[in-house]
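In this chain, residues are counted from 1 in sequence order.
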Amino acid sequence: MKKSDRIIGGLALLSAAIIVIKLAGAMFGYDLIQMAVDATRPAGAGGWSTAAN
């Protein structure tokens with residue numbers, strides 16, 4: 001297997017995982033990716049601006 005095949009396969013797997021996560025979140029009414037971003041964002045005035053999202 002060539003290295004490019006492994007990279008393409010990895011990207012396909014990653015995109016499939018993102019789609020599954022978004023679909024699962026939509027079924028339960030949550031935006032799981034946005035929740036993960038919010039969990040890693042520093043809180044308070046010294047944190048990231050909300051406009052950066």
Side-chain angles (χ1 to χ4, degrees):
M1 182 184 291
K2 291 186 292 188
K3 188 173 184 177
S4 61
D5 291 342
R6 292 180 64 191
I7 292 171
I8 292 170
L11 288 175
L13 195 64
L14 180 64
S15 63
I18 290 172
I19 291 170
V20 167
I21 289 170
K22 287 193 78 68
L23 284 176
M27 287 195 314
F28 296 109
Y30 298 114
D31 189 352
L32 299 177
I33 294 177
Q34 184 62 45
M35 290 170 64
V37 169
D38 289 341
T40 60
R41 178 176 293 139
W48 298 355
S49 66
T50 54
N53 188 10

Sequence-distant partners of L23, side chain to side chain contact (heavy atoms under 4.5 Å, CB included), two or more places apart: I19
Considering only Ile, Leu, Val, Met, Phe, Trp and Tyr, and joining two whenever side-chain heavy atoms are under 4.5 Å apart, list the other residues clustered with V20. none
From I18 CD1 over to L13 CG, what is the distance, rounded to the nearest 0.5 angstrom? 10.5 Å
